[in-house]
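To start, the structure itself, in structure tokens.
Just so it is clear: chains get the letters A, B, ... in the order the sequence lines come, proteins before strands, and each one is counted from 1.
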There are 2 protein chains.
Amino acid sequence: MSTTLTYPHRIAFSVEVAIALPHRATTEAAGGGEPSPIMEPHFPDRNDGDDLIELLFFAYRDFVADPDRILAEYGFGRAHHRVLHFVDRYPGLTIAELLDILRITKQSLNRVLKDLIEQGYIAQRTGTNDRRQRLLFCTDLGIRFAEELSRVQMRRVARALVDQPRRGANDDPGEALASAQGFLLAMIEPEERAVVTRLMARRAKAAA
Amino acid sequence: MSTTLTYPHRIAFSVEVAIALPHRATTEAAGGGEPSPIMEPHFPDRNDGDDLIELLFFAYRDFVADPDRILAEYGFGRAHHRVLHFVDRYPGLTIAELLDILRITKQSLNRVLKDLIEQGYIAQRTGTNDRRQRLLFCTDLGIRFAEELSRVQMRRVARALVDQPRRGANDDPGEALASAQGFLLAMIEPEERAVVTRLMARRAKAAA
DNA sequence: GAGATATGTCAACAACACTGACTTATCCGC
DNA sequence: GCGGATAAGTCAGTGTTGTTGACATATCTC
């Protein structure tokens, strides 16, 4: 069986220019007299940066539109999805951890969490180490719902890696995956990157 | 002057597995009898897809947090930013075009647009070809404000391309830019990709 | 036992999206 | 030039999701 990869849309705008400056220039080594400015990376052509900013907007717009359609059928919103997703993927998450992930207030979280608990998608258990904590878990119903929502987003992401226009010899979707993960991770606030990787490592560990 | 590129955070989770299937398998060519299923791309390891989904969430979360801080000082919100951004980058945009970009209702747009017009950031001109249209332009004030908001996002994106962990020989930030643009474009709804590239091409043309 | 911490809750409010209905100005085809 | 379609503006009501501020309860830690 022969298969063909199709690249339906090639990028029309210029991508040839590179970032001129590294994150920090090591000018300190040169001499002692000059002040040591932190060199900011920048785009030689502003349009490149703007294109990326806009593409992120468009990508996210369509990325959330998929689950939104399903959520509407259930009478839930995006906020419910986010909670369900993280509880599904990180069983035993505490309220405090969830608040730090979502960056919302306790009151905002509680509203949607209460909906999900009352309707049987999420269950709470008192922490064993610390009985003040409420550990969050998905019920079977919750797992199935999370799965259904995940499916459409997974499909879009997988398709993106396949459809993604290829540059030169870099023709491997595994490369595309690593590349996309690297870029998105680097978009996260630097001090927060370790927090995110640690969170995700937790999942990898649980699977093993 | 010698410079060093620093790669502060390497990805800890596995990225070695590839997408198994192309967007559409051309099984139609083989025979007539079998139904022709549309083969969906998928992840051999679900965790890879989930990681990407979560990274997109975290990246977007921090990406919008930058301008949000500035907007709060001006008494504006995210919705104002989106309008200002697109009007700034695509002068002469019509209401209908803006609605299609933002995917919101006329009423939602009007509320924030009115704020921006009243406070002198955006001006309207009646269309010349079609006098029903209201063409949108940024005032000098609007351009400066858009620039200020753009700067922080541009900084994050440029830094991401430099900080992004490199895979093998692929050590060029220009490559990283093209790669990120390709991925994000491919995340857009397929029928909409051409619309977006056409929009962006408009800007490239205007610059020439 | 005292203070810190994790969580839950009440109330009010703001931003931003929605629907539905209606108006005005303009364009385009006959 | 008339009539229907189209671009835009507006009024009114509603829902989701975020916020602040204040306060209660249970539990941990010292």
Side-chain angles (χ1 to χ4, degrees), chain A residues 57 60-61 64-65 67-87 92-119 122-137, chain B residues 57 60-61 64-65 67-87 92-119 122-137:
Chain A
F57 165 77
Y60 199 80
R61 181 197 68 179
V64 294
D68 274 0
R69 281 183 282 270
I70 299 171
L71 288 159
E73 295 171 20
Y74 285 78
F76 287 122
R78 269 178 218 180
H80 299 93
H81 182 200
R82 290 196 281 263
V83 171
L84 187 67
H85 171 89
F86 283 105
V87 172
L93 217 54
T94 66
I95 301 287
E97 286 171 324
L98 200 43
L99 288 176
D100 186 54
I101 288 171
L102 300 175
R103 295 288 162 79
I104 57 175
T105 57
K106 194 175 37 166
Q107 296 88 326
S108 288
L109 172 59
N110 231 278
R111 193 175 18 212
V112 291
L113 184 56
K114 201 169 7 176
D115 292 340
L116 289 167
I117 291 171
E118 282 171 359
Q119 300 185 39
I122 287 181
Q124 288 182 319
R125 281 186 231 153
T126 300
T128 46
N129 285 354
D130 187 336
R131 288 179 48 78
R132 289 172 302 178
Q133 293 181 331
R134 299 284 173 268
L135 309 186
L136 301 171
F137 297 88
Chain B
F57 165 77
Y60 199 80
R61 180 196 69 178
V64 295
D68 276 1
R69 281 183 281 269
I70 299 171
L71 288 159
E73 295 171 20
Y74 284 78
F76 288 122
R78 270 179 217 180
H80 298 93
H81 182 200
R82 290 196 282 263
V83 170
L84 187 69
H85 172 88
F86 283 105
V87 171
L93 217 53
T94 66
I95 301 288
E97 287 171 324
L98 200 44
L99 289 176
D100 186 55
I101 288 171
L102 301 176
R103 294 287 162 80
I104 57 174
T105 59
K106 197 174 35 167
Q107 296 89 326
S108 288
L109 172 58
N110 231 279
R111 181 159 22 92
V112 292
L113 184 55
K114 202 170 2 179
D115 292 340
L116 290 165
I117 290 172
E118 282 171 359
Q119 300 185 40
I122 286 181
Q124 289 182 318
R125 282 185 230 153
T126 300
T128 46
N129 285 353
D130 186 336
R131 288 178 48 78
R132 289 172 301 179
Q133 295 180 329
R134 299 285 173 267
L135 308 186
L136 302 171
F137 297 89

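- Look at CG on B/D130: it is 14 Å from C1' on C/dT24, rounded to the nearest Å.
- The closest side-chain heavy-atom distance from A/R111 to A/Q107 is not below 4.5 Å.
- Checking the phosphate oxygens (OP1, OP2) of C/dA15, no side-chain nitrogen or oxygen of B/R82 falls inside 4.0 Å.
- Residue A/L99 is tested with A/N110, A/L109, A/T94 for a side-chain contact (heavy atoms from CB on, under 4.5 Å); the sole match is A/L109.
- The distance between atom NZ of A/K106 and atom C1' of D/dA22, rounded to the nearest whole Å, is 10 Å.
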Output the pairing pattern of DNA chain D as a dot-bracket string, 5' first, Watson-Crick or G-U wobble with both distances under 3.5 Å, | for cross-strand pairs, [ ] for crossing pairs. ||||||||||||||||||||||||||||||
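- Atom C1' of nucleotide C/dA6 and atom CG of A/L136 are separated by 12 Å, given to the nearest angstrom.
- Listed by residue number, the members of residues 92-105 of chain B with any heavy atom below 4.0 angstrom from DNA chain D are B/T94, B/I95, B/A96.
- Look at A/Q107 and you won't find any side-chain N or O under 4.0 angstrom from OP1 or OP2 of D/dT17.
- Checked by distance alone, B/R131 brings no side-chain donor or acceptor within 3.5 Å of a matching partner on the base of C/dA25.
- Residues A/F76 and A/L84 have side chains not in contact (no heavy-atom distance under 4.5 Å, counting atoms from C-beta outward).
- Within the 4.5 Å cutoff, no side-chain heavy atoms of A/L136 are placed close to those of A/F86.
- Counting heavy atoms from C-beta on, the side chains of B/V64 and A/F57 never come closer than 4.5 Å.
- Atom pair B/L135:CG and D/dA7:C1' shows a separation of 11 Å (rounding to whole Å applied).
- To the nearest angstrom, C1' of C/dC16 lies 12 Å from CG of B/L109.
- Residue B/H80 has no polar side-chain atom (N or O) positioned under 4.0 Å from OP1 or OP2 of C/dA15.
- The phosphate of D/dA26 (OP1 or OP2) has no side-chain N or O of A/R132 nearer than 4.0 angstrom.
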Using residues 122-129 of chain A as the side-chain source, report each donor-acceptor pair under 3.5 Å to any protein atom, sequence neighbours left out, with the distance given to one decimal.
none

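- Using a 4.0 Å cut-off, some side-chain N or O of B/S108 falls inside it from OP1 or OP2 of C/dC18.
- A donor-acceptor contact under 3.5 Å is not formed by the side chain of A/K114 with the base of C/dG8.
- D/dA8 atom C1' lies 18 Å from atom CZ of B/R125, rounded to whole Å.
- Side chains of B/I70 and B/P67 form no contact here, defined as non-hydrogen atoms less than 4.5 Å apart.
- When all heavy atoms are compared, the tightest approach of A/R131 to A/R134 is O-NH1, 3.3 Å.
- Rounded to an integer number of Å, the gap from CG of B/N110 to C1' of C/dA15 is 16 Å.
- Comparing A/N129 and B/Q124 along DNA chain D, the residue whose closest nucleotide (by nearest heavy atom) sits nearer the 5' end is B/Q124.
- The distance between atom CG of B/D115 and atom C1' of D/dG9, rounded to the nearest whole Å, is 15 Å.
- Taking only distance into account, the side chain of A/R134 never meets the base of C/dG8 through a donor-acceptor pair shorter than 3.5 Å.
- Counting any heavy atom pair closer than 4.0 Å across all strands shown, A/R111 reaches a base atom.
- A 4.5 Å side-chain heavy-atom check between B/L135 and B/L93 finds every atom pair outside the cut-off.
- Put simply, the side chain of A/Q133 does not reach to within 4.5 Å of the side chain of A/I95, judged on heavy atoms.
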